[in-house]
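In this text, all values refer to a predicted model and were calculated from it rather than measured experimentally. Every chain is numbered from 1 and lettered A, B, ... according to where its sequence line falls, protein lines coming before strand lines.
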Amino acid sequence: MTDVRLSDAALSNDVQRLDTLYPGIIEQGWKKRLLVPGLSLLGAVYLVICFFAFGVPGVIEKARGDMAQLFALDAYAHKVHAKYQFKKADQGFVVSLEGNRRSIYKEQPNWIAQSGDQAIIDLGGDGVLRFGDGVVTYTHPSYEQDFVFQVGDGVPQFVSGEEADWLKVSKTQVNARPSLYTRIWLTKSKVEVHRYFVGWENFWFDFDSKLNGLSSGELLSLAFSSDRIDPDVSNIRFMFNEFWTNSEWQHGEVYFALLQTLIMAVVGTLIAGILALPLAFAAAANVNPVRLARTGVRRFFDFLRGVDMLIWSLIFIRAFGLGPLSGIFAIFFTDTGTFGKLFSEAIENADKKQAEGVQATGASPVQKYRFGLFPQILPLFISQMLYYLESNTRSATVIGALGAGGIGLKLIETMRTRQDWENTLYLIFLIIIVVMLMDQLSGWLRRKLIEGQA
Amino acid sequence: MAAHLALAEASRLAEISQAYERVARRRTLYTISLLGLCALSIFGGLYIADEANSGGFWAGLDKFFDYPVELFVGAYEKGLVGLFGLVLQYLPYLLETVNIALVSTLLAFFFGGALSFVASRNLVSNRFVVGAMRRVMDIFRAFPEIVIALLLVLIFGPSPVAAVIAVTTHTIGALAKQFSEVNENCDLKAVEGIRSVGGNWLEQIRFGILPQVLPNFLSYGLLRLEVNVRASAILGFVGAGGLGAELKMVVDWNYGADILVIIFMLVISITSIDYLSGWMRQKLIGQTGQV
């Protein structure tokens, strides 16, 4: 094989020939060459200006990173409080879920060993806390010296131990947070230990439900067992009821709210499509010859679309009250405008030969549009509606959060209380799954109906 | 013989017409059941929604115009000069909302554009990478903006930064999907040409794909800008700054004139951005409109 190499002279000759043949191919004009770098620079400058206009440095400085960490922790973990009150010393340590007075463990968990007024609390990786005779001794695995506090008689006192950045001693209380998972809190009246455990506690059944704490195998055998827990209903039904009426997770209400959101999206989209159809014919130049009427309908579409869904939902909430009905109206008002515009454009772009063919057979105007035009644009209508169905599911969540009910409102409620982040995370999961399912479903239907393939 | 043929033909015709009728019947059945399903979901849905609403449809129907009338009366009392003063007062907030949308769209345009190449089946041979990328984009897209914004408002305090991050996240997911579809529809000959002269993957994308897809990318980006102006107005409503935050405040305090002015400003700006981006898109991709 021979190495074919062009001499430099031959190459430059070729380049010159190309340049005279196709000017601007090799050496582009400066305008064209500067366009992309120039635009990028402009964009970058704009972003930098906005960086300072939005006060990003200040925002980052003031950001509550600790809060974010706690939110995140609370979203996948649950907290157990062990509380000793000096006024109720005879109770010893009372262990409860999230400090809830109704969720007190009847049996002490295995990380608390208690006898009389002495207690040893095993904090797992964060060491051991011993309590007795008004003294709290905390042994941390990475500190040689124990932390000793005097409690029970007036304000807690720091007796001995090193300084640690996770330990805060004030005039009235001692607050120790050796890791995200453990908190020790001493005040004049109580000794309190909080421990976080991974998992969504009581997701299936309430804390005091008869079914709580049973393993899945036990539940399964119970479901098919003939011994009824509640003599009135079968075990499966009983289990479902316990799940559905779970007071903390509110599964029943959550799924009903989800249904409301779906109803908002589906009904809103359907009504918008049905209303927009005749209006779109009235706005199409090839159907409606009266220019004034056409323009009127078009401006009506612009008005419906331009007044945003947010504003429509505010108006309807004022009229019909909070709830999904207001959401349906907000969606169909906005989307009638959108569909009207899209549909009328589709009608105008339709091939008129078919309509003429139908007319040539002596058809009436209605028949002309029904058989000559309608079959051409129907797939487009359905396809547009399916596209919007998915986006409306998301919009329904958003306007729901503004007061139109459904899962959006539930979500805002759980977020506003600034605790129960596990409930928030659960709702977010549900919303994401539903939006993705709607996306898949509308895509599948579109393929099936329009392209005729599964 | 001929009679025999005619008989065969007639029976065949009858068969065909029977088959036709069968198909036609089935079609009618499908159509009727589909329409029935639609009617059922509309009326059933409206019934459930009406029950769940705090006020009913019929009770609220005559109140429909009360609120708008209230707003207009408030605006009338304010007078023209007063209204103009309000416009000036709220103009900075409108600018903030538009800026939130513009910044988010820009950021998402770059990130979504870059990620879309990894999510295109014809540009990345590793099926797993493409699939994983697409799922991530699905999640980005499905994550409701309002949730991210609310979370960030709690962490950052009320600030437009929350809205920017929320809208950007969502838009990256949305644009990357649309962009990757554009990528998959483009002509690979240019890529082959660049590969044949020894261009690496990045060069193949930069010189082979990007010039083909950029007009479509820009067009989708402009379409998104429109959507994002609406989104940033809504996010303001949950405390993420801009005109939405002001709207929330005056709605809570029931300042008729202020509400009307803000609504008016929102509608005007959304409509004008709508038209502007529509005009630019038409310039970019021509009358035919590939998008």
>> Once ring-ring contact (aromatic ring centres under 6.0 Å, His included) is applied, do any residues pair with F301(A), and if so which ones, sequence neighbours excluded?
In response: none
> What is the minimum heavy-atom distance between N53(B) and P324(A), and which atoms define it?
Replying inline: OD1-N, 3.0 Å
> Side chain, backbone, both or neither: which part of L107(B) has an atom under 4.5 Å from a heavy atom of chain A?
Replying inline: side chain
>> What's the separation between atom CZ in F256(A) and atom CD1 in I48(B), rounded to the nearest 0.5 Å?
In response: 6.0 Å
>> Under 4.5 Å from any heavy atom of chain A, what part of T271(B) do you find: side chain, backbone, both or neither?
In response: side chain
> Tell me, side chain or backbone of L152(B) under 4.5 Å from chain A's heavy atoms, or both, or neither?
Replying inline: neither
>> Which atoms of F143(B) are under 4.5 Å from chain A, going by heavy atoms: the side chain, the backbone, both sets, or neither?
In response: both
> Looking at side-chain heavy atoms only, is the closest gap between F51(A) and V103(B) below 4.5 Å?
Replying inline: no
> Got V267(B) and D308(A) here, is their nearest side-chain heavy-atom distance under 4.5 Å?
Replying inline: no
>> Could you tell me if the side chain of F57(B) sits less than 4.5 Å from the side chain of I328(A), heavy atoms only?
In response: no
> Quick one: what part of E70(B) sits under 4.5 Å from any heavy atom of chain A, side chain, backbone, both or neither?
Replying inline: side chain
>> In the structure I gave you, are the side-chain heavy atoms of R305(A) and I270(B) within less than 4.5 Å of one another anywhere?
In response: no
> Between D66(B) and chain A, which part of the residue has a heavy atom less than 4.5 Å away: side chain, backbone, both or neither?
Replying inline: neither
> Given a strict heavy-atom distance threshold of 4.5 Å, which part of L150(B) is in contact with chain A: side chain, backbone, both, or neither?
Replying inline: both
>> Please classify the contact of L106(B) with chain A as side chain, backbone, both or neither, using a heavy-atom distance under 4.5 Å.
In response: side chain
> Given a strict heavy-atom distance threshold of 4.5 Å, which part of L402(A) is in contact with chain B: side chain, backbone, both, or neither?
Replying inline: side chain
> Just checking heavy atoms, which of residues 240-252 of chain B are less than 4.5 Å from chain A?
Replying inline: L247(B), V251(B)
> For L325(A), is it the side chain, the backbone, both, or neither that has a heavy atom closer than 4.5 Å to a heavy atom of chain B?
Replying inline: both
> Quick one: what part of I263(B) sits under 4.5 Å from any heavy atom of chain A, side chain, backbone, both or neither?
Replying inline: both
> What part of F109(B) is in contact with chain A, defined as an atom under 4.5 angstrom from a non-hydrogen atom: side chain, backbone, both or neither?
Replying inline: neither
>> Which heavy atom of N254(B) sits nearest to which heavy atom of R318(A), and what is that distance?
In response: OD1-NH1, 3.8 Å
> Which heavy atom in S41(B) sits nearest to a heavy atom in V267(A), and how many Å separate them?
Replying inline: O-CG2, 3.3 Å
> Contact part of N349(A) toward chain B, heavy-atom cut-off under 4.5 Å: side chain, backbone, both or neither?
Replying inline: neither
>> Given heavy-atom pairs under 4.5 angstrom as the criterion, report whether the side chain, backbone, both or neither of I42(B) touches chain A.
In response: both
